[in-house]
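Quick notes on the structure that follows.
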2 protein chains.
Amino acid sequence: MQRSSKKTSLGPPQKPAQKRATLKEVAKTAGVSLASASYALNGTGSLGEATRDHILQVADKLGYRQNLSARAMRTGKTGALGLVLPDLTNPFFPTLAQSVIQTARQRSYSVFVTDTEGSEELEIASIRLLVEHGVDGIVWFPVGDRNTAGTLLSGVPTVVIDRTIPGFESIQADYAGGGRLAAEHLVQAGHTSIGIISGPTDVLSMRQRCDAAASYIQQHGKLAYRVVNAFSTDLEPKVKEAIRSRAATAVFVGADLIALGVMQYAQSIKLKVPAQLSVIGFDDVPWAQMTSPALTTIDMPLGEMAAEAVAALLRRTDEQADLRRKIVFDTALVQRGSVQRPAKR
Amino acid sequence: MQRSSKKTSLGPPQKPAQKRATLKEVAKTAGVSLASASYALNGTGSLGEATRDHILQVADKLGYRQNLSARAMRTGKTGALGLVLPDLTNPFFPTLAQSVIQTARQRSYSVFVTDTEGSEELEIASIRLLVEHGVDGIVWFPVGDRNTAGTLLSGVPTVVIDRTIPGFESIQADYAGGGRLAAEHLVQAGHTSIGIISGPTDVLSMRQRCDAAASYIQQHGKLAYRVVNAFSTDLEPKVKEAIRSRAATAVFVGADLIALGVMQYAQSIKLKVPAQLSVIGFDDVPWAQMTSPALTTIDMPLGEMAAEAVAALLRRTDEQADLRRKIVFDTALVQRGSVQRPAKR
DNA sequence: CAGACGAACTTAAACGTTTCACTCTCTTCA
DNA sequence: TGAAGAGAGTGAAACGTTTAAGTTCGTCTG
């Protein structure tokens with residue numbers, strides 16, 4: 001893949017640069033006071049209908065656009081929210097980000113999106129910057145469960161997604177329920193010997209999924225193995241070994257990304273999925289339906305969760321929130337092609 | 001997929017809300033003037049080393065954070081950029097967004113990300129809002145090639161990505177070159193009868209890819225068919241028909257997403273990819289390596305392009321830019337599993 | 001030793017809004 | 001007829017910074 005030359009060429013003409021009209025200018029050319037202009041544009045105060053219309057017309061003619069920085073100075077509200085994410089290219093964050101952005105827009109808020117690259121240091125820097133921008137609220141998907149940056153955001157309303165950080169309102173999916181759902185599905189398909197491949201266990205939500213699955217499996221059959229892999233399609237030796245051992249006819253994998261790696265590895269060693277190894281994932285990332293076989297997995301309503309996060313944030317502007325609150329969304333099984341009954345023995 | 005119940009439970013305690021210290025407070029408790037405090041924190045002006053250190057210490061102790069809105073009022077620079085995208089969940093935008101965010105951060109800028117949902121109306125609304133926020137620059141991936149919102153952003157430095165809109169500096173990949181590269185690869189693999197499945201043709205960059213491919217194919221073999229499909233994995237009847245006709249042993253598809261649909265459809269009618277139909281895509285979206293067979297495609301350096309866009313934007317702050325400039329990045333062939341020599345006849 | 005100069009620091013204006021408090025002019029009603 | 005009140009509008013302060021212009025004081029120079 002050779003590349004990276006950059007060519008430059010010339011295209012069509014220019015556009016004019018022009019200073020934006022201020023409210024004062026609108027007031028002056030409309031022949032009213034600054035206050036009246038402000039009242040007219042905000043629809044507040046008590047103005048005659050005629051004057052109001054006139055002012056609005058003038059504002060329109062001048063192409064007036066409000067200056068939110070100035071307004072923020074006076075009112076303390078910037079009309080901006082912050083979204084702090086570990087890694088935008090990780091396939092379930094775009095869904096989340098989109099939903100946050102859309103629900104924010106519906107309420108005329110803009111969203112600063114930051115990507116912390118999985119680093120707590122950058123997370124701190126990002127939050128610091130958001131605070132300096134004076135955001136009205138932050139939706140935070142922390143890198144880990146530790147409260148690294150929490151102290152920084154003095155007084156800024158914050159909702160944590162997916163993680164559990166003491167002192168913060170939190171939005172989560174029912175991870176334990178999802179893990180149980182997955183295990184149940186495998187058991188009902190007739191599997192009795194089931195393995196678990198977990199993602200990194202330093203995050204509570206991952207432990208919850210796998211613990212719930214494990215306990216269900218132990219009650220209804222045999223837990224063949226339980227191993228841990230990094231959050232990646234590359235499998236670690238002991239994980240490969242577990243798969244190769246064929247001790248299980250089905251595996252519950254804690255994350256779709258890893259599940260993909262599992263399917264690829266299985267197929268590479270001529271283990272048929274799902275005929276010889278059923279695989280069920282967790283997350284329902286967008287490409288889960290594009291693998292072959294399509295991945296059966298557990299979905300969580302990321303979009304709804306994000307929307308709820310924004311809603312919770314904006315609710316706070318008015319009432320005083322209960323920061324101890326924890327909102328949990330249901331997960332759901334989405335059945336595709338990577339699970340089937342085990343072969344007769 | 002039944003779901004959407006929401007449970008609420010209570011967790012741990014509170015955090016205190018506290019007003020941020022202002023520069024004036026720092027000045028007062030340090031026993032200096034407002035100006036000195038400002039100079040100290042910005043490292044400007046001429047202050048004695050002792051006073052400066054003292055002020056910084058006080059600021060630190062008070063947990064002082066600058067108020068960027070206020071600063072913006074005075075300086076006209078908000079330290080924010082805008083990124084306008086049609087659809088965050090479309091798989092190549094996250095890469096782009098991440099890169100914009102990262103390079104922006106390296107220069108201490110924050111990024112407002114907006115998702116216009118492919119609608120020109122929302123595009124206009126978004127840009128309007130960004131202007132009101134006073135962003136120092138906008139990276140714009142327009143919905144189409146029409147200059148819908150361009151007039152709104154009076155004076156705000158803007159760089160357009162991927163599209164061509166008169167009057168704007170533009171960053172593009174060498175789409176024609178990429179199309180040729182793809183055609184060349186198919187021809188070199190021995191194909192003589194090649195089809196083209198294009199994406200929506202209302203966008204210049206799509207026409208460029210396919211035109212270039214078509215003209216290369218016509219020079220070196222036979223253009224079996226050329227059909228158009230929406231930007232989706234669902235294929236339209238005439239596209240399916242073209243594939244079913246088996247008039248071509250290979251197809252160039254204008255977008256990876258559509259290419260995926262092509263592979264799925266081909267396999268569904270028992271056409272082996274690549275044995276009976278070689279497929280080459282365009283974009284190199286992240287999941288292109290996860291399909292089976294893995295998709296051979298044309299990559300464009302989205303990350304670099306995004307970084308360059310931000311750089312170009314920030315360059316403008318100082319010098320006066322040449323708005324007619326157009327920067328073109330090279331594309332590259334990335335060979336994977338979906339292309340092979342045609343079967344002997 | 002006068003004058004100039006530079007270093008260190010302060011004063012105050014300005015950026016574009018919002019909003020409280022106020023004024024003025026009519027109506028209305030007792 | 002006179003007071004009250006409502007309706008329509010204005011004046012000016014305040015938000016938290018930056019920065020040009022000014023002040024003070026000590027030191028250097030000729």
Side-chain angles (χ1 to χ4, degrees), chain A residues 18-56 58-59 62-80 108 129 131-136 154-155, chain B residues 19-56 58-59 62-80 108 129 131-136 154-155 317:
Chain A
Q18 205 179 346
K19 248 187 93 46
R20 277 159 60 192
T22 79
L23 192 56
K24 201 190 321 192
E25 283 157 15
V26 171
K28 193 187 299 178
T29 85
V32 296
S33 73
L34 190 51
S36 297
S38 174
Y39 288 136
L41 284 153
N42 291 320
T44 55
S46 67
L47 285 188
E49 200 170 336
T51 14
R52 164 159 309 165
D53 289 352
H54 176 227
I55 295 174
L56 290 179
V58 169
L62 294 185
Y64 170 74
R65 300 266 76 102
Q66 62 180 329
N67 178 328
L68 287 177
S69 298
R71 165 193 276 242
M73 278 226 55
R74 186 64 230 257
T75 62
K77 303 258 136 246
T78 53
S108 293
L129 199 51
V131 169
E132 293 182 337
H133 274 293
V135 291
D136 297 336
S154 40
Chain B
K19 248 189 92 46
R20 277 159 62 191
T22 79
L23 193 55
K24 199 187 327 191
E25 283 157 15
V26 171
K28 193 188 299 182
T29 85
V32 297
S33 75
L34 189 51
S36 296
S38 174
Y39 288 137
L41 283 153
N42 291 319
T44 55
S46 67
L47 286 188
E49 199 170 336
T51 13
R52 163 160 310 165
D53 289 353
H54 176 226
I55 295 174
L56 291 179
V58 169
L62 293 185
Y64 170 74
R65 300 264 76 101
Q66 61 180 331
N67 178 327
L68 288 177
S69 297
R71 166 194 276 244
M73 277 227 56
R74 184 64 231 254
T75 63
K77 304 258 135 243
T78 52
S108 293
L129 199 51
V131 169
E132 293 182 337
H133 274 293
V135 291
D136 297 336
S154 41
T317 308

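Here is how names work: the chains are called A, B, and so on, in the same order as the sequence lines, proteins then strands, and each is numbered from 1. Reckoned from all heavy atoms, side chains included, excluding hydrogens, waters and symmetry mates.
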Rounded interatomic separation in angstrom, taking [atom1] from [X] and [atom2] from [N]:
X      : N       : atom1 : atom2 : value
K24(B) : dT11(C) : NZ    : P     : 13 Å
L23(B) : dT19(D) : CG    : C1'   : 13 Å
L62(A) : dG16(C) : CG    : C1'   : 15 Å
R71(B) : dT17(D) : CZ    : C1'   : 8 Å
R20(A) : dT17(C) : CZ    : C1'   : 12 Å
D53(B) : dA8(C)  : CG    : C1'   : 15 Å

*Partners of R52(B) by salt bridge (Lys or Arg N to Asp or Glu O under 4.0 Å), sequence neighbours excluded?*
none

_Presence of S46(B) side-chain N/O under 4.0 Å of dG6(C) phosphate oxygens OP1/OP2_ = no

*Can you check whether T75(A) has a side-chain N or O nearer than 4.0 Å to OP1 or OP2 of dC15(D)?*
no

*Where along residues 31-45 of chain B does a heavy atom come under 4.0 Å from DNA chain C, residue by residue in number order?*
V32(B), S33(B), A35(B), S36(B), Y39(B)

_My understanding is that only residues two or more places apart in sequence, or in another chain, count here; which of them pass side chain to side chain donor-acceptor pair (under 3.5 Å) with T22(A)?_
none

*Does T29(B) have any side chain to side chain donor-acceptor pair (under 3.5 Å) partners at least two apart in sequence or in another chain, and if so, which?*
none

_Under the side-chain contact (heavy atoms from CB on, under 4.5 Å) test, residues paired with N42(A) that sit two or more places apart_ = S38(A), T44(A), R71(A)

_Pairing residues for A30(A) by the side-chain contact (heavy atoms from CB on, under 4.5 Å) criterion, not counting sequence neighbours_ = V32(A), H54(A), I55(A), V58(A)

*Would you mind classifying the nucleic acid contact of R52(A) as base, sugar-phosphate or nothing, using non-hydrogen atoms under 4.0 angstrom?*
nothing

